[in-house]
Structure formats: C-alpha cells, structure tokens
Amino acid sequence: QVQLVESGGGLVQAGGSLRLSCAASGRTFSTSTMAWFRQAPGKEREFVAANSWSGYNAYIGHLAKSMEGRFTISRDNGKNTLYLQMNSLNSEDTAVYYCAADPRGGTSRYYETEYDYWGQGTQVTVSS
C-alpha cells in the first residue's frame, strides 16, 4: 500500500507562485512513476505533470503543454516527496491538485487510469 499526502495549496494572486508537496509512504517511491493531476470546478480531472525513473540514473519529467515554462516537477527520494513548483499562476490554474503514484514505474503515464494510488488533493485558488 502507498499513502500520499499533498500539501502546499492555498490562495495566491495571479502571477504568483506556489510549491506543492506530496509525501509518500512505502518503499517503492524511488522507482515509482509519480504524477500531478488537477480538477477544476465542473471539469474533468486532467494531467499536469509526471516524473518517472529512466533506468539510467536519471528521472524524466513530463508536463502538459499548457504548463510548460511555468511548472516544474521534481522529487526527493531521500524524503519520499514529490514536488510541483508552479510559477506565473493564472485563474485557469484554480483547481484541486492531486498526487498520484504508479509503483510499476514506466514513462508516458498521462492518464488517471494508469495510477493506482491517489492523495486526497490540495486546493489551489488563484485570484485575479
């Protein structure tokens, strides 16, 4: 079993920044594919970013197109924690942000059905 706990959400003005954290339990964090999704009011949950083990002593990060240049995904295996640094936030980024884990690993994990474990979510609200 893997437990995920997100934190770092809150209210921020447009143009501001937030860093979300996802603390994970379990011994498979370093080889798990980890991701962030978000769900805005009245919309379906969408992919934000993923971070996966490349097998060559490196991790690969993937971002949704609309987040490129503004968001950065990273992890600290020593702390079993996944991060999402969000800059230049705008009102369209307002959503509940969820952390997800796939202990089987692998790259190109863009769909929520590919993830087995989910956190409870953290609210991000961007005021204009």
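The chain is numbered in sequence order, starting from 1.
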task = Please collect all salt bridge (charged side-chain N to carboxylate O under 4.0 Å, His left out) contacts where either partner lies in residues 118-128, sequence neighbours excluded, each pair once.
result = none

request  = Using the rule that two of Ile, Leu, Val, Met, Phe, Trp, Tyr join whenever any of their side-chain heavy atoms come within less than 4.5 Å, decide whether Phe47 and Val124 are in one cluster.
outcome  = no

message = Restricting to non-hydrogen atoms, name the atom on Val2 and the atom on Tyr117 that form the minimum distance, rounded to 0.1 Å.
response = O-CD2, 3.4 Å

query = Which residues satisfy the salt bridge (charged side-chain N to carboxylate O under 4.0 Å, His left out) test with Glu114, sequence neighbours excluded?
reply = none

inquiry  = Assigning hydrophobic clusters by single linkage (Ile, Leu, Val, Met, Phe, Trp, Tyr; side-chain heavy-atom cutoff under 4.5 Å), is Met67 placed with Val12?
reply    = yes

inquiry  = If the condition is side-chain hydrogen bond (donor to acceptor under 3.5 Å, both in side chains), which residues does Gln123 pass it with, not counting sequence neighbours?
reply    = Thr125

query = Which pairs with one or both residues in residues 95-107 pass side-chain hydrogen bond (donor to acceptor under 3.5 Å, both in side chains), sequence neighbours excluded?
reply = Arg38-Tyr97, Asp102-Arg104, Asp102-Arg109

Side-chain (Gln120) to main-chain (Val5) donor-acceptor, under 3.5 angstrom = no

key: CZ-OG distance between Phe71 and Ser66, expressed to the nearest 0.5 angstrom   = 7.5 Å

Enumerate, atom names and distances included, each donor-acceptor pair closer than 3.5 Å involving a side-chain atom of residues 13-20, sequence neighbours excluded.
| residue | atom | partner | partner atom | Å |
| --- | --- | --- | --- | --- |
| Ser17 | OG | Asn87 | OD1 | 2.9 |

message = List the residues meeting side chain to side chain contact (heavy atoms under 4.5 Å, CB included) with Ser74, not counting sequence neighbours, and say none if there are none.
response = Tyr83

inquiry  = Given 3.5 Å as the limit, does a donor-acceptor pair link the side chain of Gln3 with the main chain of Ser25, or not?
reply    = no

ask   = Do side-chain atoms of Asn80 reach the backbone of Gly26 as a donor and acceptor pair under 3.5 angstrom?
value = yes

note = In this structure, OG1 of Thr72 is separated from CG of Leu63 (nearest 0.5 Å) by 6.5 Å

task = Looking only at non-hydrogen atoms, find the nearest pair between Asn51 and Leu82 and report the distance.
result = CB-CD1, 4.3 Å

key: Selection residues 73-92 - residue pairs positive for salt bridge (charged side-chain N to carboxylate O under 4.0 Å, His left out), sequence neighbours left out   = none

key: Distance-minimising heavy-atom pair for Asp93 and Ser88   = OD2-O, 4.3 Å

task = Report the C-alpha distance between Met34 and Leu4 in whole Å, list the side-chain angles of each, state the deciding distance to 0.1 Å, and finish with yes or no for side-chain contact (heavy atoms from CB on, under 4.5 Å).
result = CA-CA 10 Å; Met34 302 295 297; Leu4 305 173; 4.0 Å; yes

remark   = Interatomic distance, OG@Ser128 vs CG@Leu89, rounded to 0.5 Å, equals 12.5 Å

task = Please answer whether the main-chain N or O of Val126 pairs with a side-chain N or O of Ser91 as donor and acceptor at a distance below 3.5 Å.
result = no

remark   = With sequence neighbours left out, the residues meeting ring pair (Phe, Tyr, Trp, His ring centres under 6.0 Å) with Tyr115 are Phe37

task = Check whether any side-chain heavy atom of Trp118 lies under 4.5 Å from a side-chain heavy atom of Cys99, and answer yes or no.
result = no

query = Honestly curious: do Tyr111 and Val48 fall in one hydrophobic cluster under the side-chain, below-4.5 Å linking rule?
reply = no

request  = List the atom of Ser30, the atom of Trp53, and the distance in Å for their closest heavy-atom pair.
outcome  = O-CB, 4.2 Å

